[in-house]
Amino acid sequence: MITAPASGHGKTTVATGLMGALRGEGLEVAGFKVGPDYIDPGYHAIATGRPGRNLDPHLCRPEQLAPLLVHGSAVPTPADVAVVEGVMGLFDGRMGGDGFASTAHVAGLVQAPLVVVVDISRMARTTAALVHGLHTFDPAVRLSGVVLNKAGSARLVDEITSALEATGLPVLGVLPRDAGIEAPSRHLGLVPAGEREQAAATVARLAEQVRTHLDLQAILAVAHTAPDLDVEAWDPAAEVTAPSSARPRVAIAAGRAFTFRYAETEELLRAAGCEPVELDPLVDTALPEGTAGLYLGGGFPEVHATELSANAALRTSIADAVAAGLPTVAECAGLLYLCRSVDGVPMVGALDAEAVMTPKLTLRYQSLVVPQDGLLGPAGTRATGHEFHRTTVTPERGTGAAWLADGHPYGFSLDPAGLGRATVHASYQHVHWAGHPRLAQRFADAVHDHHARTTRTDDHDHERDHEAYDLDHHGDSDASEGLVDLAVNVSSPAPPAWLQRVINASTGSLGAYPRTDDAVKAIAAAHDVDLDRVLPTAGGAEAFTLVARAFAPRRAVVVHPQFTEPEAALLAAGHRPGRLVLSPHDGFVLHADAVPEDADLVMIGNPTNPTSVLHPASVLRDLARPGRVLVVDEAFMDAVPGEPESLVGADLPGVLVLRSLTKTWGLAGLRAGYVVGDPALVARLRAQQPPWSVSTPALAATVACLTLSARSEATASAQRFEGRRRYLVDALAPLGLQAVVESRAPFVLVDSSGVRPDRPPGWLRLTLRDQGWAVRRGETFPGLHADWLRVAVRDAETSTAFVAAVERCLA
């Protein structure tokens with residue numbers, strides 16, 4: 001845990017830089033912030049590549065903090081080290097609370113060793129007295145080291161280091177004066193990372209400064225002194241339940257104007273059966289289709305008031321939805337956005353109130369009670385909250401108040417649709433739902449109820465039943481250390497030696513921004529197409545996201561079973577794709593006339609993952625027509641000798657072909673792919689692609705993998721896999737595991753439901769796992785069930801051992 005004598009000494013600089021530096025050393029880092037602050041965790045998220053989280057014993061119960069730390073250190077992947085940024089001075093907490101919610105208090109709750117950062121720009125030996133006082137003020141609190149910040153000279157550092165010897169605390173690093181690594185501030189503190197175009201560059205500079213000037217090994221040694229936490233991880237699924245089998249959408253305000261929310265809020269909503277979808281009020285012109293709930297968190301709408309007001313289409317969409325009874329929670333910035341105006345600039349107008357800026361900062365913890373039955377709870381529901389704003393709203397409450405805050409009624413609890421129950425909860429209070437999961441459950445119940453009340457009963461199940469499958473599940477989730485991995489479809493665990501040399505050589509150019517020119521030329525030459533038909537991407541997954549963002553289909557259709565990322569990307573972008581589910585009874589054959597005539601975006605894999613079916617190019621060409629975008633995922637086409645059914649290079653308007661280099665060449669960790677297709681459509685994808693999204697090593701690998709010699713090597717590999725696949729299919733058939741007919745990819749799909757039918761679905765996969773083998777589960781693919789298994793093709797020796805393991809399971 002990083003602390004300081006007071007605010008302004010450099011906690012954020014050191015904590016964020018340390019997170020980035022440790023990540024740069026190859027560690028997985030989890031970032032946390034003591035207190036209710038939303039802004040610092042935004043910088044932590046950039047530094048760590050995972051959500052920044054808060055540890056606050058006022059907003060959550062003190063005994064929850066260690067479980068929340070364990071949870072945040074395990075999600076989305078296990079972390080090697082957790083770095084916690086403190087708040088204010090070491091012993092500064094809630095006013096009148098005797099240090100409650102201070103850094104020292106939280107350090108004790110999570111048993112974290114403390115490193116103190118001291119700004120030495122205006123003192124010398126006094127630094128040692130200050131550190132000695134912090135070290136001895138409370139016998140229960142002990143420091144483990146010191147970082148000196150804003151050092152002006154070596155002579156000063158020597159003077160202070162000598163004085164610190166008496167404290168027995170080591171100096172873990174010295175940061176020089178460097179204004180370039182400080183984030184700009186605003187009336188509520190730092191400018192949020194989401195609003196700073198240079199935020200990533202700032203964090204990278206912080207990381208470099210820390211790596212250069214701090215002793216990372218010594219700091220990790222301090223971290224290793226933390227005792228094991230004998231607690232269970234906080235689990236959102238243990239706090240809330242899904243009131244129905246539907247997964248109604250909750251639009252969550254995001255973008256530059258709405259950057260304040262706790263990561264656990266979305267996790268609780270998902271656990272309660274909802275599907276959070278981000279909504280950017282600065283650019284999105286309507287609520288996502290199917291929205292059944294709205295969460296407007298904190299941020300700076302007053303700073304972006306003009307832009308928010310200019311988006312009249314969304315303001316009208318939200319006003320109409322709220323008036324119709326859409327369950328809506330608005331905290332602070334959300335409250336302002338729902339008002340008639342902010343500083344005279346028109347807003348949504350769902351609340352009969354005006355908001356204005358004031359010179360006074362309101363900053364306080366409060367105890368809250370729901371005064372009458374409302375959206376977040378029945379009368380008497382208790383919670384804790386936090387206020388942080390320089391605006392006022394007039395009137396400060398409606399006919400129904402959202403909260404009694406320390407006994408004072410304020411905020412808005414409204415029933416605009418006359419349903420006999422409140423559907424709007426708006427106030428200045430920020431509430432951490434992890435500390436009060438009853439609020440999340442109450443809101444989720446209202447969302448599910450609204451969904452059931454407003455969803456047409458004549459909707460086709462395949463167009464709205466997205467909740468039945470875990471679209472975010474991938475093969476790497478089935479594989480884990482110690483298992484033979486037949487779940488991931490990467491042909492090799494590492495690139496060949498010659499390709500590794502190419503990639504390693506490219507790192508000498510990492511100081512320059514990536515340039516795609518050579519990769520574009522290589523792709524165009526390999527497929528004999530013009531340069532404007534080509535777009536390098538960070539693997540196929542980025543291409544799916546670009547497609548979802550670039551187009552606004554009236555009726556998108558995804559052909560299943562197939563890789564779930566296309567549908568997941570469409571859903572994340574606010575679309576509601578339909579499904580065409582092919583049947584196993586005819587070998588998952590695609591019939592062009594089965595695709596709805598009015599589908600204006602069709603996505604299909606070829607050869608298809610997980611079925612291994614190779615669809616005829618003639619059938620795919622029949623799907624192309626004016627007014628329709630056809631997206632063909634050919635991620636595994638280079639594993640088919642001769643690529644006989646590929647559409648890449650075909651001069652077809654309205655067609656985009658997606659390619660991946662990660663499977664054949666063992667580059668899953670590098671992310672290398674590309675798009676070839678209609679130049680007008682490629683241009684639309686290019687407009688959505690973030691700058692420099694494809695790294696220099698990935699671009700170098702792309703060029704290398706498309707040379708004549710590399711393509712010849714890929715063809716030879718594909719031919720080898722033909723024989724290996726036949727061997728595996730023939731070996732499994734006598735055991736009752738029949739593969740899909742005409743499998744053509746480097747994996748096979750088998751149905752195990754015919755063997756031991758008295759056993760529960762999925763039993764064979766789990767039994768194989770006990771035997772040390774990982775295969776890809778089938779039930780997360782639309783159209784399949786738990787007895788379908790996708791098995792990656794490996795060498796004959798591995799396949800022989802796998803078949804033997806299957807025999808043991810069946811016995």
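A side-chain N or O of Glu396 and one of His408 form a donor-acceptor pair less than 3.5 Å apart. No side-chain donor from either of Thr202 and Tyr43 sits under 3.5 Å from a side-chain acceptor of the other. Side-chain N/O atoms of Tyr410 and Gln429 include a donor and acceptor closer than 3.5 Å.
Under the ring-ring contact (aromatic ring centres under 6.0 Å, His included) test applied with Tyr295, the options Trp433, Phe260, Tyr262 reduce to a single match, Trp433.
A salt bridge links Arg364 and Glu387; the closest N-O separation between the charged side-chain nitrogens and carboxylate oxygens is under 4.0 Å. By the 4.0 Å N-to-carboxylate-O rule, Glu28 lies close enough to Arg50 to be salt-bridged with it. A salt bridge links Arg211 with Glu208: the distance from a Lys NZ or Arg NE/NH1/NH2 to an Asp or Glu carboxylate oxygen falls below 4.0 Å.
Taking OG1 of Thr127 as the reference point, atom CD of Glu159 lies at 9.5 Å (rounded to 0.5 Å). Note that CE of Met19 and CG of Leu206 are 11.0 Å apart. Values are rounded to the nearest 0.5 Å.
You'll find the side chain of Leu314 stays beyond 4.5 Å of the side chain of Leu282, heavy atoms only. The closest side-chain heavy-atom distance from Leu214 to Val14 is below 4.5 Å.
Nearest approach of Ala253 to Pro281, heavy atoms of both residues: CB-CG, 4.3 Å.
Under the 6.0 Å cut-off for aromatic ring centres, Tyr337 and Phe258 qualify, their centroids lying closer than that.
Listed by first and then second residue, the ring pair (Phe, Tyr, Trp, His ring centres under 6.0 Å) pairs that reach into residues 71-92 are His71-Trp234, Phe91-Phe137, sequence neighbours excluded.
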